[in-house]
Amino acid sequence: MNTALLYHLLDVDPADGPAELLHRARGSRHLPHLVLSALAREDVRMGEPARAELRRARARADRYAGLALDLARSTGVRAIHGLPLAGYYPADLLRPQDGLDLVAPGEAALWQAVVRLVTDHPVETIDVTLLGDRPHHTAVTVRWPAEDPLLDPWYRVRLATAALPGDCATVPVRPYLVADDHVECLIALAEAQLRTRAGGGAGASSGPPDPLTLLDLSCLTDQPFEPAETAAVLAAYRLAPEAAALLDLAAPLLPLGTLAAVRTALTPELAPERRRRAEAAAGPRLPVRHGTLLRRTVIRHTWDEARLLGAGDSREGALLLTPVADYLLGTPDASPTLADRSTALDALHHWDTHC
């Protein structure tokens with residue numbers, strides 16, 4: 001990867017120079033840090049403010065890597081998506097890290113990791129989502145301010161018991177990733193297309209992927225993908241349409257290398273997956289419940305898992321008591337009202353008194 005690719009993907013005329021490249025990058029997530037690292041590698045002259053910004057970004061990426069290593073050793077969670085993809089970038093290029101995504105081998109490991117984060121960092125928000133009913137999967141996102149919150153984004157760590165959440169309709173939750181690292185990275189890019197692109201459930205797309213996705217792909221093109229095996233793995237993870245659409249959109253913009261043969265091998269997998277999704281669309285959607293924070297608690301160190309109270313057969317109005325905070329659950333279409341919160345707080349008081 002070189003600056004020529006950056007100019008190309010950001011649609012900047014090289015004659016306009018590095019200042020215009022950086023200006024364009026500032027409109028694309030955290031790409032300015034990647035651009036700054038690329039310019040520094042080529043000894044482009046830059047002032048102290050730019051160098052300081054790059055140092056902070058590198059420190060942030062190093063901190064995320066350290067967090068992932070520490071939590072892997074202590075709780076068994078492991079990094080997925082962003083951090084593994086960063087490992088395929090040249091050592092002196094900084095892949096944007098707007099957060100750390102981790103998958104836990106079970107709910108106990110997830111809450112152990114959350115407790116560790118809450119203990120070691122000034123965590124200010126803890127968001128919880130449950131996917132499914134019985135059994136359900138848990139996703140937790142914790143955030144805390146950067147050292148300079150006026151200049152830098154907050155730290156964000158997302159932990160989940162499911163590696164791939166699907167679309168809650170035609171693509172199911174797939175809890176585990178079992179593949180070579182570079183194949184897992186391709187799976188992660190396809191899953192992101194499923195979640196974020198218009199018509200993702202059918203693998204359709206109306207525009208090119210964002211520049212970061214294309215840069216991620218460019219770092220995978222020389223990896224030893226075995227085409228038939230990779231296509232079979234993508235099909236097993238229900239992501240053949242997204243992977244094919246992504247590679248089709250990327251092909252005019254960058255050389256696909258070994259991924260070109262993967263795209264060819266994906267072709268026979270597309271129609272069966274689309275038929276499966278069409279049939280699944282007639283079935284029920286996977287219920288999603290978001291937690292509204294009722295209170296932070298003293299850490300319940302003896303709890304291995306969260307407790308769901310008052311649910312009965314309902315997907316709404318349940319209380320979720322976790323090792324770090326308590327929540328009132330609601331669906332995306334039925335957020336809790338003030339009356340719901342008041343009733344939930346009374347129920348918590350009763351639980352505190354009698355349990």
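Nothing fancy with the numbering, it's 1 onward along the sequence.
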CA sep, side-chain torsions, deciding dist, call: Val157, Leu159, side chain to side chain contact (heavy atoms under 4.5 Å, CB included): CA-CA 7 Å; Val157 180; Leu159 309 99; 4.1 Å; yes
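- The side-chain contact (heavy atoms from CB on, under 4.5 Å) test applied to Ala57 returns His33, Leu94, not counting sequence neighbours.
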Stepwise ring pair (Phe, Tyr, Trp, His ring centres under 6.0 Å) test for His182 and Tyr88: CA-CA 8 Å; His182 58 285; Tyr88 288 96; 7.0 Å; no
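- Between the Tyr176 side chain and the Pro105 main chain, no donor and acceptor come within less than 3.5 Å of each other.
- Taking the ring axis of Tyr155 as reference, the NZ or CZ atom of Arg60 stays within 45° of it and closer than 6.0 Å to the ring centre.
- Residues Ser74 and Gln112 bring no donor and acceptor atom of their side chains to less than 3.5 Å of each other.
- Inter-residue side-chain proximity for His137 and Leu130 is flagged as unmet; no heavy-atom pair is nearer than 4.5 Å.
- Thr129 places a side-chain heavy atom less than 4.5 Å from the side chain of Val288.
- For the pair Gln97 and Ala61, the tightest heavy-atom approach, listed with the atom from each and the gap, is CG-CB, 4.2 Å.
- Contact check for Tyr7 versus Leu21: side-chain heavy atoms found under the 4.5 Å cut-off.
- In this structure, Arg263 contributes its side chain and Ala245 its backbone to no donor-acceptor pair below 3.5 Å.
- Rounding to the nearest 0.5 angstrom, the gap separating the CG atom in Leu286 from the OG1 atom in Thr170 is 11.5 Å.
- Ion pairing between a basic and an acidic side chain is recognised when a charged N comes within 4.0 Å of a carboxylate O; Arg238 and Glu269 show no such pairing.
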Working for side chain to side chain contact (heavy atoms under 4.5 Å, CB included), residues Leu220 and Leu189: CA-CA 11 Å; Leu220 296 176; Leu189 292 176; 4.1 Å; yes
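- Minimum interatomic distance between Leu6 and Ala38 (heavy atoms only, all atoms of both residues): CD1-CB, 3.6 Å.
- Counting heavy atoms from C-beta on, the side chains of Asp148 and Leu151 come closer than 4.5 Å.
- Without hydrogens or angle criteria, Arg95 side chain to Leu83 main chain gives no donor-acceptor distance under 3.5 Å.
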Stepwise side chain to side chain contact (heavy atoms under 4.5 Å, CB included) test for Thr297 and Arg295: CA-CA 6 Å; Thr297 68; Arg295 64 182 184 182; 4.0 Å; yes
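- Taking CG of Leu36 as the start and CZ of Arg58 as the end, the distance is 9.5 Å to the nearest 0.5 Å.
- Listed for the Thr258 side chain is a donor-acceptor partner under 3.5 Å among the backbone atoms of Gln223.
- The closest donor-acceptor contact from the side chain of Arg24 to the backbone of Asp11 lies under 3.5 Å.
- Both Val128 and Leu293 sit in one connected hydrophobic cluster of ILVMFWY residues. Membership requires side-chain heavy atoms under 4.5 Å apart, directly or through other members.
- The hydrophobic clustering, which links ILVMFWY residues whose side-chain heavy atoms are closer than 4.5 Å, places Val178 and Val183 together.
- Under the 3.5 Å distance criterion, the side-chain polar atoms of Ser37 are matched with a main-chain donor or acceptor of Leu34.
- When every heavy atom of Arg156 is checked against every heavy atom of Arg158, the shortest pair comes out as NH1-CB, 3.3 Å.
- A 4.5 Å side-chain heavy-atom check between Leu217 and Leu246 finds at least one atom pair inside the cut-off.
- Heavy-atom minimum distance, Ala162 versus Val103: C-CG2, 4.0 Å.
- Using a 4.5 Å heavy-atom cutoff, the side chains of Trp351 and Asp326 are not in contact.
- A donor-acceptor contact shorter than 3.5 Å is absent between the side chain of Glu273 and the backbone of Leu239.
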Pair Leu319-Leu294, side chain to side chain contact (heavy atoms under 4.5 Å, CB included): steps then yes or no: CA-CA 9 Å; Leu319 292 176; Leu294 295 172; 3.7 Å; yes
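- Between the side chain of Asp167 and the main chain of Val171, a donor-acceptor pair closer than 3.5 Å is present.
- Using cut-offs of 30° and 60° on the angle between ring planes, the pair Trp144 and His121 is parallel.
- One N or O on the side chain of Arg300 and one on the backbone of Thr322 form a donor-acceptor pair closer than 3.5 Å.
- A distance-only check finds a donor-acceptor pair linking the side chain of Arg174 to the backbone of Tyr237 [under 3.5 Å].
- Salt-bridge formation is not detected for the pair Arg56/Glu147: no Lys NZ or Arg NE/NH1/NH2 atom is positioned less than 4.0 Å from an Asp or Glu carboxylate oxygen.
- When hydrophobic clusters are built by joining Ile, Leu, Val, Met, Phe, Trp and Tyr residues whose side-chain heavy atoms come closer than 4.5 Å, directly or via intermediates, Leu100 is not grouped with Trp154.
- Under the 4.5 Å side-chain heavy-atom criterion for grouping Ile, Leu, Val, Met, Phe, Trp and Tyr, Leu270 is not connected to Phe225 through any hydrophobic cluster.
- At least one side-chain heavy atom of Leu164 sits less than 4.5 Å from a side-chain heavy atom of Leu177.
- Remark: Arg307 is positioned above the aromatic ring of Trp303, its terminal NZ or CZ atom under 6.0 angstrom from the ring centre and at most 45 degrees off the axis.
- For the atom pair CG (Leu215) and CG (Leu31), the distance works out to 6.5 Å, reported to the nearest 0.5 Å.
- Summarising the geometry, atom CG belonging to Leu85 is positioned 4.5 Å from atom CG belonging to Asp216; distances are rounded to the nearest 0.5 Å.
- The nearest pair of heavy atoms linking Arg296 to Val123 is NH1-O, 3.5 Å.
- For the atom pair CG (Leu321) and CD (Glu305), the distance works out to 13.5 Å, reported to the nearest 0.5 Å.
- The distance from the CE atom of Met46 to the CD atom of Glu53 is 10.0 Å, given to the nearest 0.5 Å.
- Judged as a salt bridge (charged side-chain N to carboxylate O under 4.0 Å, His left out), the pairs with a partner in residues 113-122 (not counting sequence neighbours) are, in order, Asp70-Arg116, Arg116-Asp120.
- The two residues Thr221 and Pro255 have their closest heavy-atom pair at CG2-O, 3.4 Å.
- For His8, the NE2 atom is densely surrounded, since the number of other residues' heavy atoms within 6.0 Å is greater than 12.
- A heavy-atom distance below 4.5 Å is not found between the side chains of Arg277 and Arg274.
- With Trp111 as the fixed residue, the side chain to side chain contact (heavy atoms under 4.5 Å, CB included) test singles out one of Thr138, Ile299, Thr75, Asp304: Thr138.
- Side-chain contact annotation: Thr213 with Asp210, donor-acceptor N/O pair under 3.5 Å present.
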